[in-house]
Amino acid sequence: APHDAAINELAGDIALDRWTLAPENASSTALNAAARTAFTRALSTDPVRQGALIGLLLTEKNRAFELIWTEDRPRDAVPVLEAALARLDAATIDAAHREDAQQLRVNLLNRLGDARYYSEDYKGSLATFRQAQAVIEGELAKRETLAWLARRGESHWYVSGALEDNDAT
């Protein structure tokens with residue numbers, strides 16, 4: 001089934017799920033690479049397959065996570081995350097995938113905020129965390145859900161930390 005987009009997308013989803021349970025080492029890197037390969041195959045067969053695109057961009061988020069925390073290279077994570085956000089912005093997302101895309105957007109923005117923060121770009125991190133906060137508040141204005149309320153709490157944490165370090169500089 002190397003040419004079946006649905007099967008490849010599912011294989012990517014499984015590898016992503018396994019990545020979340022893996023320790024931060026070569027095993028997690030290999031799982032993320034396997035997910036990337038599966039999503040790339042799905043998109044090569046069905047270029048507008050939105051679930052596969054979201055999955056592929058999640059592998060970019062994971063790669064940035066590894067650059068920031070596992071490899072201690074936060075500056076290298078910045079262009080990875082900026083490219084993933086640009087690709088998400090360029091995509092046409094249908095209603096069925098909108099929630100996943102918005103959750104991904106917030107996740108990418110928060111990792112970008114982290115990458116900037118740990119690169120000692122405190123002003124850039126604050127601006128990025130505020131972008132994520134704006135997405136969250138926009139979603140909550142449409143409909144209050146537990147997922148977005150939890151994101152709001154996470155967002156307050158990021159913004160407060162960045163504000164504290166901006167005040168110290």
Side-chain angles (χ1 to χ4, degrees), residues 9-40 42-43 51-91 97 99-137 139 146-169:
E9 183 179 335
L10 180 59
D13 288 338
I14 291 168
L16 277 179
D17 287 345
R18 291 182 63 211
W19 179 89
T20 64
L21 301 173
E24 292 176 40
N25 60 24
S27 172
S28 61
T29 301
L31 286 167
N32 198 51
R36 178 191 314 274
T37 298
F39 291 127
T40 300
L43 289 166
L53 174 61
I54 290 169
L56 182 65
L57 295 177
L58 280 166
T59 68
E60 292 299 291
K61 184 268 304 171
N62 293 351
R63 175 68 185 129
F65 177 94
E66 291 175 347
L67 286 167
I68 296 165
W69 284 288
T70 306
E71 299 177 29
D72 194 25
R73 296 170 38 210
R75 276 184 179 78
D76 294 337
V78 171
V80 171
L81 291 160
E82 288 174 338
L85 280 162
R87 188 158 181 196
L88 182 59
D89 288 342
H97 293 90
E99 175 81 12
D100 288 340
Q102 287 296 83
Q103 289 283 347
L104 172 60
R105 180 179 312 286
V106 168
N107 209 329
L108 290 168
L109 285 166
N110 283 335
R111 294 305 65 80
L112 181 57
D114 285 337
R116 289 178 172 152
Y117 182 90
Y118 291 108
S119 297
E120 299 181 3
D121 175 8
Y122 300 122
K123 289 188 186 335
S125 73
L126 178 59
T128 305
F129 289 139
R130 289 236 190 248
Q131 281 182 279
Q133 190 175 47
V135 174
I136 293 163
E137 294 304 324
E139 292 302 314
L146 184 57
W148 288 112
L149 286 169
R151 288 286 191 175
R152 177 189 271 165
E154 178 186 33
S155 176
H156 288 311
W157 168 259
Y158 288 129
V159 169
S160 67
L163 277 170
E164 182 177 348
D165 285 320
N166 271 286
D167 287 344
T169 56

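Everything quoted here is computed from the prediction, not taken from an experiment.
The pair D89-R105 meets the salt-bridge criterion, with a side-chain N (NZ, NE, NH1 or NH2) lying under 4.0 Å from an Asp/Glu carboxylate O. In summary, R151 and E154 engage in a salt bridge, as defined by a charged side-chain N under 4.0 Å from a carboxylate O. Under a 4.0 Å N-O distance rule, the pair R130/E137 does not qualify as a salt bridge.
The heavy-atom pair separating V135 from L109 by the smallest distance is CG2-CD1, 4.3 Å. A147 approaches Q103 most closely through the heavy-atom pair CB-NE2, 3.9 Å. Shortest non-hydrogen contact noted between G55 and L16 is O-CD1, 3.9 Å. Closest of all the heavy-atom pairs between S155 and F129 is OG-O, 4.3 Å. When all heavy atoms of A38 and G12 are compared, the pair lying nearest together is CB-N, 3.5 Å. Scanning both residues, R36 and L56, for their nearest heavy atoms gives CG-CD1, 3.7 Å.
Considering only heavy atoms from C-beta on, S27 comes within 4.5 Å of L31 through its side chain. Using a 4.5 Å cut-off on side-chain heavy atoms (C-beta onward), E164 and Y122 make no contact. Using a 4.5 Å heavy-atom threshold, the side chains of R18 and L21 count as separate. In this structure, the side chains of F65 and D114 stay at 4.5 Å or more apart for every pair of heavy atoms.
Atom CG of L88 and atom CG of L53 lie 7.0 Å apart (nearest 0.5 Å). Separating the CD1 atom in I54 from the NE2 atom in H97 is a distance of 5.5 Å, to the nearest 0.5 Å. Atom CD in E71 sits 10.5 Å away from atom CD in E24 (nearest 0.5 Å). Remark: I136 CD1 to L149 CG distance equals 10.5 Å, nearest 0.5 Å. The CG atom of L163 sits 11.5 Å away from atom NE2 of H156, with the distance rounded to the nearest 0.5 Å. Here D13 contributes atom CG and D17 contributes atom CG; the two are 6.5 Å apart, rounded to the nearest 0.5 Å.
With sequence neighbours left out, the side-chain hydrogen bond (donor to acceptor under 3.5 Å, both in side chains) criterion links T128 to R116.
The backbone N or O of W157 lies less than 3.5 Å from a partner atom in the side chain of S160, making a donor-acceptor pair. Between the S28 side chain and the W19 main chain, no donor and acceptor come within less than 3.5 Å of each other.
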> Which is it for Y118 and E120 under the side-chain contact (heavy atoms from CB on, under 4.5 Å) test, yes or no, and what are the steps along the way?
Replying inline: CA-CA 5 Å; Y118 291 108; E120 299 181 3; over 6 Å; no

>> Show, in sequence, the C-alpha distance, side-chain angles and deciding distance for L126 and K123, and conclude whether the side-chain contact (heavy atoms from CB on, under 4.5 Å) test is met.
In response: CA-CA 5 Å; L126 178 59; K123 289 188 186 335; 5.8 Å; no

>> Run R63 and L67 through side-chain contact (heavy atoms from CB on, under 4.5 Å) and show every step you take.
In response: CA-CA 6 Å; R63 175 68 185 129; L67 286 167; 3.3 Å; yes

> Taking it one step at a time, do R111 and W69 satisfy side-chain contact (heavy atoms from CB on, under 4.5 Å)?
Replying inline: CA-CA 11 Å; R111 294 305 65 80; W69 284 288; 3.9 Å; yes

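The environment of CZ in R73 is crowded: more than 12 heavy-atom neighbours from other residues, nucleotides or ligands sit within 6.0 Å.
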